[in-house]
Peer 1: 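Please find one structure pasted underneath; my questions will follow.
We count residues from 1, following the sequence as given. When reading the values below, keep in mind they use all heavy atoms of this one structure, side chains included, and skip hydrogens, waters and symmetry mates. Every value quoted in this text rests on a predicted model; they were computed, and no experiment measured them.
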Amino acid sequence: MRAGWIDRCCGGIPDRALGARWLLLLIVAGAGLARPDSVQAGAWTREKGTFYNRTAINRYVAEEEFDGQHERQDLPLEARFTDLNLSNYFEYGLTDRFTAIGSFSIKSLESENLVRVIETKGIGDIDLALRARLSNGQIGVTAVQFLAKVPSAYDADADLPLGNGELEFDTHLLYGRSLWPLLPGYCGLEAGYRVRGGAPADEFRYLAEFGSDLGAGFFLRSKLDGTRGRRNQKSVDSYNNPTLRGSSDVGALDLTMGRKFGDHLSLEAGYSAALYGRTTTAGSTLTGGLSYSGRLRRAS
């Protein structure tokens, strides 16, 4: 097993999300019936000279938000926020132990309420990262990842900004383990800390995952992806982009199924929804993606 596209899952969900918890348990149980032949996950690095590329269309819509007491409520003025974007994620194996990573997105944002409609288009933040494998043994794989979020040429002071315009850095520890032969699948965990420039508060980041092949070329991944903002900054800002807050928490459940065509090409469809949070939007995302892997040069 090595790095790639079955991306993360599992984890605790609050009692008020009981229905979502049972849904997650059923999906994980169903994935346990599958084969792990070509499952790949976040802690594994890529083989030297090989690459993985994923291009996706994502549509995020939010009409609700979590307040400071973690309760859902409608956005002010019956607002509706939409983020339609085309994203690209790329991995390349520099060596068997080091993988270079880059991602960016082209965004079209719209914020609509009873007063006005605002639209913004452009290139969002760019992520550059390096993942280094620390160990690989019977107890699993461990790795560390260093990431920089670099703002692009957008105007962070626009009425509807594409991002906060701040340079950010984070460090992640990653763990992955095959569950074979006990279960035909794998699990993974991540924990990290993001240092954010300017007004946004620093964030603790966490992720848990489960994934497996389902046979006949189909695969499944599910993940619980979350952040917890430090309480050392103001919690609500006056952005018309409601996803940009000084300090916020969020936990989202992501479910994806896909179909592989040969060893290198796959198509997938996914749905992600915020389960809990604080001072951030409570939206959902629909995703359609195309992934391709291969080799840019021969291993020496």
Peer 1: Any non-hydrogen side-chain atom of E91 less than 4.5 Å from a side-chain atom of R131?
Peer 2: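 Counting from C-beta outward, E91 and R131 do come under 4.5 Å.
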Peer 1: Suppose we screen for side chain to side chain contact (heavy atoms under 4.5 Å, CB included). Which residues come up paired with A100, at least two apart in sequence or across chains?
Peer 2: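 With sequence neighbours excluded, A100 shows a side chain to side chain contact (heavy atoms under 4.5 Å, CB included) to L94, given in chain and number order.
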Peer 1: If we ignore angles and hydrogens, is there a donor and acceptor under 3.5 Å between the side chains of S135 and T142?
Peer 2: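 A donor-acceptor contact under 3.5 Å links the two side chains.
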Peer 1: Within the structure provided, determine whether N164 and K149 are in side-chain contact (heavy-atom separation under 4.5 Å).
Peer 2: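 Sidechains of K149 and N164: in contact.
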Peer 1: Do R194 and R205 touch side chain to side chain, with heavy atoms closer than 4.5 Å?
Peer 2: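 Yes, side chains in contact.
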Peer 1: Please determine which of T243, T281, T285 meets the side-chain hydrogen bond (donor to acceptor under 3.5 Å, both in side chains) test together with Y60.
Peer 2: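 That would be T281; it is the only one of T243, T281, T285 passing the side-chain hydrogen bond (donor to acceptor under 3.5 Å, both in side chains) with Y60.
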Peer 1: So, taking the atom named OH in Y206 and the one named NE2 in H172, what distance separates them when rounded to the nearest 0.5 Å?
Peer 2: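 If I round to the nearest 0.5 Å, the distance is 11.5 Å.
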Peer 1: Could you check whether any side-chain heavy atom of Y292 comes within less than 4.5 Å of a side-chain heavy atom of F51, counting everything from C-beta outward?
Peer 2: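 Yes, their side chains come closer than 4.5 Å.
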Peer 1: Are E190 and Q145 packed together at the side-chain level, in the sense that at least one heavy-atom pair is separated by less than 4.5 angstrom?
Peer 2: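 With C-beta onward as the side chain, the pair stays apart.
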Peer 1: Report, as yes or no, whether the 6.0 Å neighbourhood of atom CG on L114 holds more than 12 heavy atoms from other residues, nucleotides or ligands.
Peer 2: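 Atom CG in L114 is crowded, with more than 12 foreign heavy atoms closer than 6.0 Å.
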Peer 1: As a quick check of understanding, evaluate salt bridge (Lys or Arg N to Asp or Glu O under 4.0 Å) for D249 and R228, giving each step before the final call.
Peer 2: CA-CA 4 Å; D249 307 335; R228 178 179 173 84; 3.7 Å; yes
Peer 1: Can you spot which of R245, R72, R80 makes a salt bridge (charged side-chain N to carboxylate O under 4.0 Å, His left out) with E65?
Peer 2: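 Answer after filtering R245, R72, R80: R245.
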Peer 1: With R259, which residues qualify under side-chain hydrogen bond (donor to acceptor under 3.5 Å, both in side chains), at least two apart?
Peer 2: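 If we apply the side-chain hydrogen bond (donor to acceptor under 3.5 Å, both in side chains) test to R259, skipping adjacent residues, there are no hits.
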Peer 1: Which residues pass the side-chain hydrogen bond (donor to acceptor under 3.5 Å, both in side chains) test with S103, not counting sequence neighbours?
Peer 2: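 By the side-chain hydrogen bond (donor to acceptor under 3.5 Å, both in side chains) rule, S103 matches no residue at all.
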Peer 1: Test side-chain contact (heavy atoms from CB on, under 4.5 Å) on C187 and L179 and set out the steps.
Peer 2: CA-CA 7 Å; C187 64; L179 301 178; 3.9 Å; yes
Peer 1: In the structure I gave you, are the side-chain heavy atoms of S266 and F219 within less than 4.5 Å of one another anywhere?
Peer 2: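 Side-chain contact under 4.5 Å: yes.
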Peer 1: Quick one: do L173 and L207 end up in the same hydrophobic cluster if we chain Ile, Leu, Val, Met, Phe, Trp and Tyr together by side-chain heavy atoms under 4.5 Å apart?
Peer 2: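 Shared cluster, no.
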Peer 1: Is any side-chain heavy atom of T120 less than 4.5 Å from a side-chain heavy atom of L162?
Peer 2: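 Yes - at least one pair of side-chain heavy atoms lies under 4.5 Å apart.
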Peer 1: Quick check: do D170 and V195 have side-chain heavy atoms less than 4.5 Å from each other?
Peer 2: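 They are not in side-chain contact.
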Peer 1: Begin with the C-alpha distance, continue with both residues' side-chain angles, and end with the deciding distance and a verdict on side-chain contact (heavy atoms from CB on, under 4.5 Å) for L167 and V150.
Peer 2: CA-CA 5 Å; L167 188 65; V150 183; 4.0 Å; yes
Peer 1: Count the heavy atoms belonging to other residues, nucleotides or ligands that lie under 6.0 Å from CD of E78, then report whether that count exceeds 12.
Peer 2: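 Result for CD/E78: open.
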Peer 1: Scan side-chain atoms only and decide if D125 and Y154 contain a donor-acceptor pair under the 3.5 Å cut-off.
Peer 2: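 On atom types as modelled, these side chains qualify, holding a pair under 3.5 Å.
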Peer 1: Looking at every heavy atom in both K121 and S108, which two are closest together, and how far apart are they?
Peer 2: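 Minimum heavy-atom separation between K121 and S108: CE-OG, 3.6 Å.
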Peer 1: Would you say L134 has more than 12 foreign heavy atoms packed within less than 6.0 Å of its CG?
Peer 2: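 Enclosed: over 12 neighbouring heavy atoms sit under 6.0 Å from CG of L134.
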